[in-house]
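Note that the structure is predicted; figures quoted are calculated from it, not measured. For the numbers below, each heavy atom of this structure counts, side chains included, while hydrogens, waters and symmetry mates do not.
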Amino acid sequence: MKLNMKSITALALSVTFSLAADEANVSEPQTQKSNAEVRLQAAIDNFTKLVPIPIVTIEEAPLPNMVQVVTEKGVFYATKDGKYIVAGNIHEAKEGLPNLTKARLAKENGKKIAKLKDSFITYKAENETSEIVVFYDTSCPYCTKFHNEVKDFNSAGVTVHYAAWPRQGVYNPKNKSQYTGAYYKLENVWCADNQKAALDAAAHRANVPRSTCENTIPEQFALGLSLGVSGTPAIFSIDGQLVQRGYAPVDELVKNIREVN
């Protein structure tokens with residue numbers, strides 16, 4: 001969701017916490033609250049100027065006197081007076097040091113994944129205990145290596161969802177009206193009558209007949225970019241937490257999946 005400045009300000013002023021409550025008693029004049037709201041609006045204006053990234057939402061931060069700014073590129077923190085912006089992880093001071101920033105970002109990532117889940121190619125585990133999303137390209141040798149072991153993942157209770165991620169990008173950088181070769185190869189798979197058979201064939205370097213259709217490959221590619229994917233395979237939990245960048249043996253990867261879940 002992309003918000004304009006007016007919407008961002010309105011949202012910021014309607015979050016559950018209140019600057020006025022922090023800085024003024026209810027018995028104090030209304031002007032105190034108005035001044036606090038003006039300072040908050042100025043802080044948000046300053047943030048959007050300095051960090052020109054589309055904002056998803058603004059909410060109360062885990063730390064006092066700060067706002068949590070959830071953007072399409074990550075979670076930031078800003079002091080209520082707008083003087084300081086913090087980029088980093090906040091950990092709760094208890095056993096295990098839970099990463100609150102990572103958990104908040106995963107919540108947004110999970111929403112993005114859920115919107116496109118039906119357009120992934122899925123190899124479902126019979127006794128499912130977890131699900132992963134694997135960003136996949138037909139030209140990627142380690143993607144092939146991973147796919148050759150997909151039955152082992154299924155046997156371990158892991159359902160595998162493949163998301164199309166053309167490593168050359170979706171559009172030709174020299175001609176934005178043309179698709180890349182990587183896109184066309186993935187389109188052949190995603191538009192095939194039998195997607196799994198086409199993906200299996202592509203993984204074994206067999207010929208996959210040309211197919212075209214309306215598809216969400218550009219959206220799947222954009223999803224990968226928003227999650228920080230820069231190469232394939234890139235593996236995430238179904239709720240958007242990074243499990244592994246690149247290939248890993250089944251036992252190691254399953255262990256990583258269990259730790260994330």
Side-chain angles (χ1 to χ4, degrees), residues 1-2 54 56 72-73 105-126 128-140 142-144 146-151 153-154 157-172 176-204 206 208-245 253 257 260-261:
M1 176 176 64
K2 295 184 179 181
V56 176
E72 292 190 357
K73 296 295 184 181
L105 184 57
K107 183 178 179 181
E108 292 303 316
N109 292 343
K111 292 177 184 178
K112 295 176 184 178
I113 289 172
K115 289 180 180 179
L116 289 171
K117 184 177 177 180
D118 290 343
S119 64
F120 299 154
I121 298 177
T122 298
Y123 289 73
K124 187 171 178 59
E126 184 175 347
E128 180 182 284
T129 58
S130 56
E131 301 175 72
I132 58 174
V133 179
V134 180
F135 288 88
Y136 178 93
D137 183 71
T138 56
S139 68
C140 162
Y142 283 104
C143 292
T144 297
F146 176 93
H147 186 65
N148 287 339
E149 299 171 353
V150 71
K151 290 182 179 179
F153 285 102
N154 288 166
V158 179
T159 289
V160 177
H161 303 283
Y162 284 112
W165 205 81
R167 293 191 296 168
Q168 296 175 348
V170 174
Y171 299 102
N172 188 323
K176 297 298 183 181
S177 65
Q178 294 181 351
Y179 292 110
T180 62
Y183 167 86
Y184 283 125
K185 289 180 179 179
L186 286 167
E187 186 180 44
N188 292 342
V189 173
W190 256 256
C191 295
D193 292 335
N194 187 329
Q195 292 179 318
K196 288 185 181 179
L199 195 151
D200 293 343
H204 291 92
V208 179
R210 183 78 184 105
S211 297
T212 61
C213 65
E214 291 187 9
N215 62 72
T216 62
I217 294 174
E219 289 79 5
Q220 293 178 57
F221 181 76
L223 170 65
L225 290 179
S226 73
L227 296 179
V229 175
S230 58
T232 54
I235 304 163
F236 290 79
S237 63
I238 197 66
D239 63 354
Q241 298 186 67
L242 177 65
V243 174
Q244 176 77 32
R245 294 190 188 278
L253 191 51
I257 294 167
V260 168
N261 290 335

> Please give me the minimum heavy-atom distance between Val189 and Ala202, naming the atom from each residue.
CG2-CB, 4.1 Å
> Stepwise, does the side-chain contact (heavy atoms from CB on, under 4.5 Å) test hold for Asn148 with His204?
CA-CA 9 Å; Asn148 287 339; His204 291 92; 3.6 Å; yes
> Can you sort out the partners of Lys151 under salt bridge (charged side-chain N to carboxylate O under 4.0 Å, His left out), two or more places apart, ordered by chain and number?
none
> With side chains defined as the heavy atoms from C-beta onward, is the minimum distance between Glu126 and Asn154 less than 4.5 Å?
no
> Looking only at atom types and distance, does a side-chain atom of Thr180 sit under 3.5 Å from a main-chain N or O of Gly169, one as donor and one as acceptor?
yes
> Between Tyr183 and Pro218, is any pair of side-chain heavy atoms under 4.5 Å apart?
yes
> Taking the side chain as everything from C-beta on, heavy atoms only, tell me whether Tyr179 gets closer than 4.5 Å to Ile217.
no
> Assess whether a salt bridge exists between Arg210 and Glu187, defined as any Lys/Arg side-chain N lying under 4.0 Å from an Asp/Glu carboxylate O.
yes
> Are there over 12 heavy-atom neighbours, none belonging to Lys107, within less than 6.0 Å of that residue's NZ?
no
> Which atom names give the shortest non-hydrogen contact between Val134 and Pro233, and what distance separates them?
CG1-CB, 3.9 Å
> Within the side chain of Ser130, is there an N or O that forms a donor-acceptor pair under 3.5 Å with the backbone of Val158?
no
> Tell me if a side-chain donor or acceptor on Gln168 pairs with a main-chain N or O of Ala182 at a distance below 3.5 Å.
yes
> Could you tell me if the side chain of Asp200 sits less than 4.5 Å from the side chain of His147, heavy atoms only?
yes
> Would you check, one step at a time, whether the test side-chain contact (heavy atoms from CB on, under 4.5 Å) holds for Tyr136 with Ile121?
CA-CA 10 Å; Tyr136 178 93; Ile121 298 177; over 6 Å; no
> Using the rule given for side-chain contact (heavy atoms from CB on, under 4.5 Å), can you reason through Trp165 versus Leu225, listing the C-alpha separation, both sets of side-chain angles and the distance that settles it, and then say yes or no?
CA-CA 9 Å; Trp165 205 81; Leu225 290 179; 3.8 Å; yes
> Looking only at non-hydrogen atoms, find the nearest pair between Ile113 and Ser237 and report the distance.
CD1-O, 3.8 Å
> With Thr216 as reference, evaluate Gln220, Glu214, Glu219 under the side-chain hydrogen bond (donor to acceptor under 3.5 Å, both in side chains) test and give the passing residue.
Gln220
> For Arg167 and Asp137, indicate whether the former's side chain and the latter's backbone hold a donor-acceptor pair under 3.5 Å.
no
> Using every non-hydrogen atom in the two residues, find where Trp190 and Ala164 come nearest and quote the distance to one decimal.
CZ2-N, 3.5 Å
> Is there side-chain contact between Phe236 and Leu227, with at least one heavy-atom pair below 4.5 Å?
yes
> Determine the minimum heavy-atom distance between Phe135 and Thr232, stating which atoms define it.
O-CG2, 3.3 Å
> Look up atom OG in Ser177 and atom OH in Tyr171, then write down how far apart they are to the nearest 0.5 Å.
10.0 Å
> Looking at residues at least two apart in the chain, or sitting in another chain, which of them share a salt bridge (charged side-chain N to carboxylate O under 4.0 Å, His left out) with Glu108?
Arg104, Lys111
> Would you give the length of the straight line joining atom OG of Ser226 to atom CZ of Phe221, rounded to the nearest 0.5 angstrom?
11.0 Å
> Which pair of heavy atoms, one from Gly240 and one from Asn109, lies closest together, and at what distance?
O-ND2, 3.2 Å
> Would one find more than 12 heavy atoms of other residues, nucleotides or ligands at under 6.0 Å from atom CG of Asn194?
yes
> Kindly write out the residues that satisfy disulfide bond (SG atoms under 2.5 Å apart) with Cys140, not counting sequence neighbours, or none if the list is empty.
none
> With rounding to the nearest 0.5 angstrom, report the NZ to CG distance, Lys112 to Leu223.
7.5 Å
> How long is the gap from CZ on Phe153 to CD1 on Ile235, to the nearest 0.5 Å?
6.0 Å
> May I ask you to check whether Tyr123 and Tyr162 place their ring centers less than 6.0 Å from one another?
yes
> What's the separation between atom CG in Leu253 and atom CD1 in Ile132, rounded to the nearest 0.5 Å?
5.5 Å
> Do Ile238 and Val133 have side chains that get closer than 4.5 Å, going by heavy atoms?
yes
